[in-house]
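Numbers restart at 1 for each chain; the letters A, B, ... are given by sequence-line order, proteins then strands. Quantities reported herein were computed from a predicted structural model and do not represent experimental measurements.
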Protein chains: 2
Amino acid sequence: MTLTELRYIVAVAQKKHFGHAAQACFVSQPTLSIAIKKLEEELNVKLFERSSKNEIRITDIGQKIVQQAQKVLQETHVINEISQQGKDPLSGTFKLGAIYTIGPYLLPDLIPGLRKNAPKMTLIIEENFTANLSQSLKQGELDAIIISYPFDEPGIETFPLYKEPFVVAIYSHHKWVEKKQIKVNELVGQDLMLLGAGHCFRDQVLLACPKCITENNELTRTLEGSSLETIRHMVAAGTGITVLPCTSMLNSQHNSDLIKIKYFSPPQPSRTVALAWRKHYPRKEAIQLIIDNIQQCGLPGIETID
Amino acid sequence: MTLTELRYIVAVAQKKHFGHAAQACFVSQPTLSIAIKKLEEELNVKLFERSSKNEIRITDIGQKIVQQAQKVLQETHVINEISQQGKDPLSGTFKLGAIYTIGPYLLPDLIPGLRKNAPKMTLIIEENFTANLSQSLKQGELDAIIISYPFDEPGIETFPLYKEPFVVAIYSHHKWVEKKQIKVNELVGQDLMLLGAGHCFRDQVLLACPKCITENNELTRTLEGSSLETIRHMVAAGTGITVLPCTSMLNSQHNSDLIKIKYFSPPQPSRTVALAWRKHYPRKEAIQLIIDNIQQCGLPGIETID
DNA sequence: GCTTTCAATCAATTTAATCTATTAAGTTTT
DNA sequence: AAAACTTAATAGATTAAATTGATTGAAAGC
């Protein structure tokens with residue numbers, strides 16, 4: 001049984017004439033005759049009473065089968081409709097993940113842009129650690145994730161979005177408040193507050209200032225389960241200083257009179273934020289859309305990447 | 001799009017492995033790969049994310065399409081079920097017509113036999129004039145009709161069932177009650193009661209005795225819209241005589257002490273009852289079944305036909 | 001009896017489907 | 001790093017099917 005055969009019998013049932021039905025199906029009359037004969041043999045059922053001159057008559061069973069054939073054809077048409085709808089890579093659901101230290105600062109700018117440029121695309125956001133996002137991405141639970149380098153996973157492709165310098169956040173009455181720039185090594189021995197293990201940003205800061213690991217006080221290692229926002233409030237409360245990615249501080253929304261920003265003296269420590277997706281992910285246009293929109297966000301303090 | 005392709009994508013979606021899916025479909029892996037590629041190109045949609053080693057992943061749109069494909073395949077299966085059910089020619093509905101002067105005397109004997117020999121066949125009976133039955137038959141509203149010769153319609157095939165002699169029915173105190181046999185011409189001038197125009201039996205009687213048309217009284221021409229049963233009762237009341245097909249009188253159920261049967265002297269007038277059906281009617285087994293069962297009815301007084 | 005109509009059949013061709021063998025790409029093991 | 005392994009894609013050859021124009025056969029009308 002083939003869909004073509006079903007189309008043929010429906011046509012014959014409608015036209016009640018093999019020749020006309022063949023014409024309607026854009027095939028020759030023998031083609032149609034043979035196809036129907038084949039189907040009748042396969043089903044072991046006579047679908048039509050043939051009589052020359054007079055009209056073709058459908059058998060009772062043929063009537064039922066033609067009706068069912070129409071249903072089948074209708075359902076196949078739905079397949080075309082589904083693919084028609086969904087062939088636009090910028091429609092449907094897109095599940096985007098982002099690490100905790102990027103999501104709150106990038107997504108508020110990104111989402112409106114995506115809404116505008118791909119109104120048919122439904123965005124679902126998840127914030128998590130790099131490791132969890134990576135696993136979700138590989139399992140297909142996420143379509144793309146925003147992480148920071150280093151990130152190298154088999155089967156995963158990445159594209160660098162921007163380079164984000166780190167800055168130092170201090171209490172407005174901190175002793176460094178008059179400093180122009182901070183040298184990385186000056187962080188050693190300070191009350192440096194960092195996120196807990198699992199946050200890649202923590203690792204990146206400690207990578208930039210290895211001595212902090214051994215010589216700073218316990219704050220460097222605590223704040224488990226916390227967020228940059230919490231740390232920011234603690235800075236405003238004078239509990240200590242912290243290192244932040246610039247996008248989390250330079251945005252006017254996250255400013256506070258109680259917190260002052262200090263830049264690092266060159267070479268500025270920084271991280272490169274990237275988009276990652278499965279190498280064989282089919283909606284490449286959606287990926288490109290995300291990339292373009294992130295780069296057009298105009299995040300403060302970042303360095304663009306060509 | 002073909003049903004085979006749909007089967008392939010459903011298999012791949014289930015097995016999540018091209019090779020295994022191909023095996024399940026009893027085809028080689030390239031066959032399946034090519035078919036899916038073809039479908040993807042036709043729909044312009046990526047159904048699967050391929051990656052070697054790791055499992056195949058279905059795209060969102062692919063998931064929907066596979067689901068729809070399953071629905072299509074399910075509906076096609078219904079076609080097989082329908083034809084499976086209905087391929088027995090001795091099942092389903094059979095619409096049988098009979099003329100008024102045969103139905104009441106043949107069908108009570110025929111129907112139980114058919115019930116026994118084809119219990120799955122639902123019988124629908126219609127009694128009408130030959131002309132109406134013929135039209136219904138040609139329009140496909142009836143599957144077969146029981147009529148009497150002459151009957152010759154284009155595209156209609158007939159088979160003679162039995163030859164039915166005519167008999168004379170007289171009141172038990174009629175002057176002919178002692179007669180052994182009646183000659184046809186003796187009917188001329190009698191109070192002969194016949195059915196109205198439209199009943200072929202009327203024509204057949206008048207054909208056997210042409211002089212009755214011109215020389216009998218008006219009764220010969222009246223009794224419009226009546227039935228043999230009415231006439232029989234009128235005979236019992238002594239209103240007149242009539243000619244009946246033997247099956248309507250010889251059955252014990254239709255006997256009455258007030259009516260006596262007289263046979264015609266040879267050559268006995270008679271009619272040949274036949275089954276008629278469309279030449280291309282597909283359920284020939286059902287036709288044969290009807291024929292066989294009618295001939296086994298053992299109707300009284302008939303002559304069988306070889 | 002001739003013509004017309006219409007589906008079935010025939011013979012030839014084109015098209016499509018399928019296969020085996022191989023390649024390419026990615027993964028895992030050594 | 002290199003070799004071994006998996007897995008899907010590709011290539012080339014073969015087989016099966018679909019399709020066609022021409023013809024035939026059956027039935028009906030003139």
Figure out the [atom1]/[atom2] separation between [X] and [N], and round it to whole Å.
{"X": "B:M1", "N": "C:dA17", "atom1": "CE", "atom2": "P", "value": "14 Å"}
{"X": "B:K279", "N": "D:dG25", "atom1": "NZ", "atom2": "C1'", "value": "14 Å"}
{"X": "A:I34", "N": "C:dT15", "atom1": "CD1", "atom2": "C1'", "value": "15 Å"}
{"X": "A:I56", "N": "C:dC6", "atom1": "CD1", "atom2": "P", "value": "10 Å"}
{"X": "B:I58", "N": "D:dA8", "atom1": "CD1", "atom2": "C1'", "value": "16 Å"}
{"X": "B:R278", "N": "D:dA27", "atom1": "CZ", "atom2": "P", "value": "16 Å"}
{"X": "A:L32", "N": "C:dA8", "atom1": "CG", "atom2": "P", "value": "9 Å"}
{"X": "A:K16", "N": "C:dA7", "atom1": "NZ", "atom2": "C1'", "value": "17 Å"}

Testing the 3.5 Å rule here: is there a donor-acceptor pair between the side chains of A:Y149 and A:T158? yes

Answer yes if the side chains of A:T59 and A:Q63 hold a donor-acceptor pair under 3.5 Å, and no otherwise. no

Would you say that more than 12 heavy atoms from the other residues, nucleotides or ligands in this model lie under 6.0 Å from the CD of A:E157, or not? yes

Strictly below 4.0 Å: does [X] bring a side-chain N or O up to OP1 or OP2 of [N]?
{"X": "B:S33", "N": "D:dA8", "answer": "no"}
{"X": "B:T31", "N": "C:dT18", "answer": "no"}
{"X": "B:H17", "N": "D:dA8", "answer": "yes"}
{"X": "A:Y8", "N": "D:dA18", "answer": "no"}
{"X": "B:K37", "N": "D:dA8", "answer": "no"}

Heavy-atom nearest nucleotide on DNA chain C for B:T2 versus A:E40: which residue maps closer to 5'? A:E40

Pick the nucleotide of DNA chain C nearest each of B:A35 and B:Q29; which residue has the one closer to the 5' end? B:A35

Salt bridge (Lys or Arg N to Asp or Glu O under 4.0 Å) between B:K95 and B:E141, worked out: CA-CA 7 Å; B:K95 280 166 275 184; B:E141 292 162 10; over 6 Å; no

If you pin B:E153 and A:F26 to their nearest nucleotides in DNA chain D, which one's is more 5'? A:F26

More 5' along DNA chain D: B:P30 or A:E5, using each one's nearest nucleotide? B:P30

Minimum-distance nucleotide (side-chain atoms of A:S28 versus D:dT10, D:dA28, D:dT19): D:dT19

Side chain of A:K38 (C-beta onward), nearest among D:dA17, D:dA9, D:dT19: D:dA17

Kindly determine whether A:E5 and A:K38 satisfy salt bridge (Lys or Arg N to Asp or Glu O under 4.0 Å), including the steps that lead there. CA-CA 9 Å; A:E5 286 164 3; A:K38 181 172 155 282; 2.3 Å; yes

